[in-house]
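Questions regarding the structure given below will be posed in turn.
So that the names make sense, note that chain A is the first sequence line, chain B the second, and so on, each numbered from 1. Keep in mind it's a predicted model, so treat the numbers as computed, not measured.
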Amino acid sequence: MIGTQPIDLYARKISDEKQGSVLDGSSKGTEKRYEVLHKDYADPDSLRKLAGAIKDHTLHHLGDYLAKAEAALTKRGAKVHFAATAEDARQEILSILRGHGVTQLTKSKSMAAEEIHLNPFLIENGIECLESDLGEFIVQLDNDEPSHIVKPIIHKNRREIARTFQREGIAADYNDDPETITRRARVHLREKYMLAQAGITGANFVCADTGRLTLVTNEGNSRFGMAPAPVHIALVGIEKVIPREQDLSVFLNLLGRSATGQQLTVYTEFINGPKSANQPDGPEHMHVVFMDNGRTDVLASNCREILRCIRCGACQNVCPVYRQASGHAYRSTYGGPVGAVLSPLLFGDRFPELADLPKASSLCGACNEVCPVDIPIPDLLLRLRDKAKREGVHSPAAVPMTPFSALATSPSLWRTAMTMSKAMNHLPIHVAPIKPLQDWLGQRTLPESRGGDFRKWMKTRQSK
Amino acid sequence: MSTPSVRPLNQRVLLMGTCLCDAFFDDVAKATVEVLEHLGVSVDFPENQTCCSQPAFNSGDWESSRKVARHCAEVFAGEVPVIVPSGSCAAMNRHGNKLQFEEEPNASIDSLAKRTREVIDFIFNDLNIRTWPGKFAQPTRIAFHRSCHSRGTKTGEAVRTLLSSIENAEVVPFGQSEQCCGFGGTFSVTFPHISGQMGTLKLDHMLEIRPDMLVGTDMSCLMHLNGLAQNQGRAIPQFHAIQILRDTLVKPNQSNP
Ligand code: SF4
């Protein structure tokens, strides 16, 4: 049965307010990216290709680079853990926290943590866990889900946020001035920072040669969270490793520009390891948890290029489907083009349920064009569509194609069908009881059929 | 326009008419023949052609689409260029087939990929025609939609340059021109709401510059935009770029029709 996709239904029901925020935020993001990237680089495409090639190389030798990173980190005094699954990662982190007697912590923004729903898990286990990124903090207050990789609350406007702050007692009165909102959050969070016994972060890059972690933020919250806390835990997807420190320049130059149209994010932190004897502050204990959670399966698949992703969100901003539907329509941690590939793959057991995601694309290719690591996203979407078909996964968008191929491989049948299609001009097809046809014709006027006319013309011409 | 060629080129090509021109837009296929012949290229139309296989390919039924693609490669076998008035079908032959035959290499599919050209790209880059001796009777503002399947190809620049060289023509830039029109084949059927919204946004941007016509290189996008515009009461003339080349052409022997 041909039916309408869940993402299309979601887009139909989304409130005008939410849709407006998403459309506006993402369009602006795309414009800023273009402006900043093209102002600074005559040929950004070659830079994107270089970044993609470095990532590709790393993925080809991932085992080696991970081993190198582990050795370097250990030498610097950090403890390295490997977690095969989401559950392993959660348990590992919980046991580290328990080992240090932590009951209260702050967490900076991490998609890896979102992916394994770390927050609710820790809270369930009696650990107070505060999001320190402003957007994620608001998501937490609203019991919401982030809808964008770098702008988790792209779907909210400041009036909603002001209402939340008032409701939650963060502020005594309603005030939707962005600066006031930020100041209020800051006052509230600052107190909590001081009490935190641990800071959890992600990592944008881990350099295999030195083991150094690189973290980019705009609020400085992760750095601030680590200053008073004796324990730092970094949860890192195994694909975040890059070969050498000198490769960082390529990625840092692309990441800020692609994500938010900034030449560089406000804070770029390099974390060398736990606090050394001559450092005045910082965590004495550092744990790095490398998480697989489906990544080696992706590496073994024909969609491995998606592991190059540096989570910049540019593909979300530029995607016309994302702009209409919002990230929430994708029903998983990762929305938009990157999510349409990554989510059905990473959450392998949910593949049938998420197999409609790769169909949520007109295959326009805008995502590939902006991707800082040149991931051929449309190709990957197509491969996943093929996979769904081969594995017999039912999807509401499965337009039956066997009749088409039968027709298109039989020239005489095809020619007859073309000539006959003219009959459609006289049929009331707009009342045919075919739902998708009606939906289509409800919005569009179909051109008049002229089936076979060109062939006739060509024949007379050639016989002249 | 059965004009004698202006420059006998001794070049032969095969025309891939596309299923959409076969069914709806015969004049686009005619214009392709007429312009190419005018340029001294002789055009053959293999009778047994059907479709490039894209509908099945995009919906993920690669077993079906490979059958159609094999048929297509067979019909267009040989050495000469295969010219198609659609960036999307050209992309199917040149790139899509590469994906669906990744695991079963096929020499005739590879050969088709190498020989396929979108028609304006062919005229501009292969025949090296950089200006068009055409003229509009009135100053004409053109909104040109560079369809997504021509992203990263030479078609966009070729169309812009050729159209701009026509006397009285102005190709006017519009907002968010990189955004998709929302057609996407079966996408417009299974995502009717989003597809419609995308098309409406596209029309908003294109019509904002008050063009006299919309021009594209893919009848699929134009059919979708035209269908929407008509339903929304803001219909506007729409043409394939090849029709503009034919219709504006100032023929050297114009005095004797
Ligand atoms: S897929 Fe590319 S554009 Fe999208 S988030 Fe990842 S790196 Fe950025």
* **Separation between CZ of A:Phe454 and NZ of B:Lys30, rounded to the nearest 0.5 Å** => 8.5 Å

* Structure fact -> Per-residue tally against chain A (heavy atom, under 4.5 Å) across B:Ala29, B:Cys180, B:Gly184 peaks at B:Ala29

* Who among B:Met198, B:Lys67, B:Glu63 has the most heavy-atom pairs with chain A under 4.5 Å? -> B:Met198

* Asked: Are any of the side-chain heavy atoms of B:Gln179 and A:Cys364 separated by less than 4.5 Å?
  -> no

* Flag yes if more than 12 heavy atoms outside A:Phe351 fall under 6.0 Å of its CZ atom; otherwise flag no. => yes

* Assess whether atom CG of A:Asp43 is packed by more than 12 heavy atoms of other residues, nucleotides or ligands within 6.0 Å. => yes

* To do: Test side-chain contact (heavy atoms from CB on, under 4.5 Å) on B:Phe187 and A:Ser361 and set out the steps.
  => CA-CA 7 Å; B:Phe187 173 79; A:Ser361 165; 5.6 Å; no

* **Residue A:Lys18 excluded, over 12 heavy atoms near NZ under 6.0 Å** => yes

* Asked: So which bits of residues 86-101 of chain B come within less than 4.5 Å of chain A, counting non-hydrogen atoms only?
  -> B:His95, B:Leu99

* **Shortest non-hydrogen contact between A:Ser27 and B:Gln176, atoms and distance** => CB-NE2, 3.8 Å

* Could you check which of A:Val321, A:Asp379, A:Leu407 has the highest count of heavy-atom pairs closer than 4.5 Å to chain B? => A:Asp379

* Asked: Is the count of non-hydrogen atoms from other residues, nucleotides or ligands lying under 6.0 Å from B:Gln232 atom CD greater than 12?
  -> yes

* Nearest heavy-atom neighbours spanning B:His193 and A:Ala11 -> NE2-O, 3.6 Å

* Given B:Thr186 and A:Met401, is the side-chain contact (heavy atoms from CB on, under 4.5 Å) satisfied, shown in steps? -> CA-CA 11 Å; B:Thr186 45; A:Met401 282 296 160; 3.8 Å; yes

* Does any heavy atom of chain B fall under 4.5 Å from the side chain of A:Ile7, the backbone, both, or neither of them? -> both

* Please report the shortest heavy-atom distance between B:Phe24 and A:Ser449, naming the atom on each side. => CD2-CA, 3.7 Å

* Short side-chain to backbone donor-acceptor contact, A:Lys359 and B:Ser59, under 3.5 Å -> yes

* B:Glu37/A:Arg461 under side-chain contact (heavy atoms from CB on, under 4.5 Å): CA gap, chis, key distance, verdict -> CA-CA 12 Å; B:Glu37 286 187 352; A:Arg461 191 181 173 86; 2.3 Å; yes

* To do: Kindly say whether B:Ile194 contributes a backbone atom to a donor-acceptor pair with the side chain of A:Asp8 at under 3.5 angstrom?
  => yes

* Could you tell me which of A:Glu31, A:Glu448, A:Arg323 has the largest number of non-hydrogen atom pairs under 4.5 Å with chain B? => A:Arg323

* Structure fact -> Applying a strict 4.5 Å limit to non-hydrogen atoms, the region of B:Phe57 in contact with chain A is both

* Asked: Are A:Asp386 and B:Asp61 close enough that some pair of their side-chain heavy atoms sits under 4.5 Å apart?
  -> no

* To do: Could you walk me through whether A:Val318 and B:Glu178 pass side-chain contact (heavy atoms from CB on, under 4.5 Å), step by step?
  => CA-CA 9 Å; A:Val318 83; B:Glu178 296 304 302; over 6 Å; no

* From OG (A:Ser362) to CZ (B:Phe183), nearest 0.5 Å -> 10.5 Å

* To do: State which residues pass side chain to side chain donor-acceptor pair (under 3.5 Å) with B:Glu102; sequence neighbours excluded, sorted by chain then number.
  => A:Arg383

* Asked: What pair of heavy atoms forms the shortest contact from A:Pro411 to B:His71, and how long is it?
  -> CG-CE1, 3.5 Å

* Asked: Do the non-hydrogen side-chain atoms of B:Gln230 and A:Pro447 ever get within less than 4.5 Å of each other?
  -> no

* Proximal component of B:Asn58, with respect to chain A [non-hydrogen, under 4.5 Å] -> both

* To do: First locate atom CG of A:Leu9, then atom CZ of B:Phe191, and finally report the distance between them rounded to the nearest 0.5 Å.
  => 9.5 Å

* Hey, which residues of residues 45-55 of chain B are touching chain A, say heavy atoms under 4.5 Å apart? -> B:Phe45, B:Glu47, B:Asn48, B:Gln49, B:Thr50, B:Cys51, B:Ser53, B:Pro55

* What is the distance from atom CG of A:Asp356 to atom OG1 of B:Thr190, rounded to the nearest 0.5 Å? -> 10.0 Å

* Asked: CD of B:Glu104: more than 12 outside heavy atoms within 6.0 angstrom?
  -> yes

* Among A:Ala325, A:Ala417, A:Ala406, A:Ala360, who wins on heavy-atom pairs under 4.5 Å with chain B? -> A:Ala360

* **Neighbourhood of chain A inside residues 13-22 of chain B, taking heavy atoms under 4.5 Å as contact** => B:Leu15, B:Cys19, B:Asp22

* Structure fact -> Assert top hit (heavy-atom pairs under 4.5 Å, partner chain A, pool B:Val33, B:Leu225, B:Asn231) equals B:Asn231

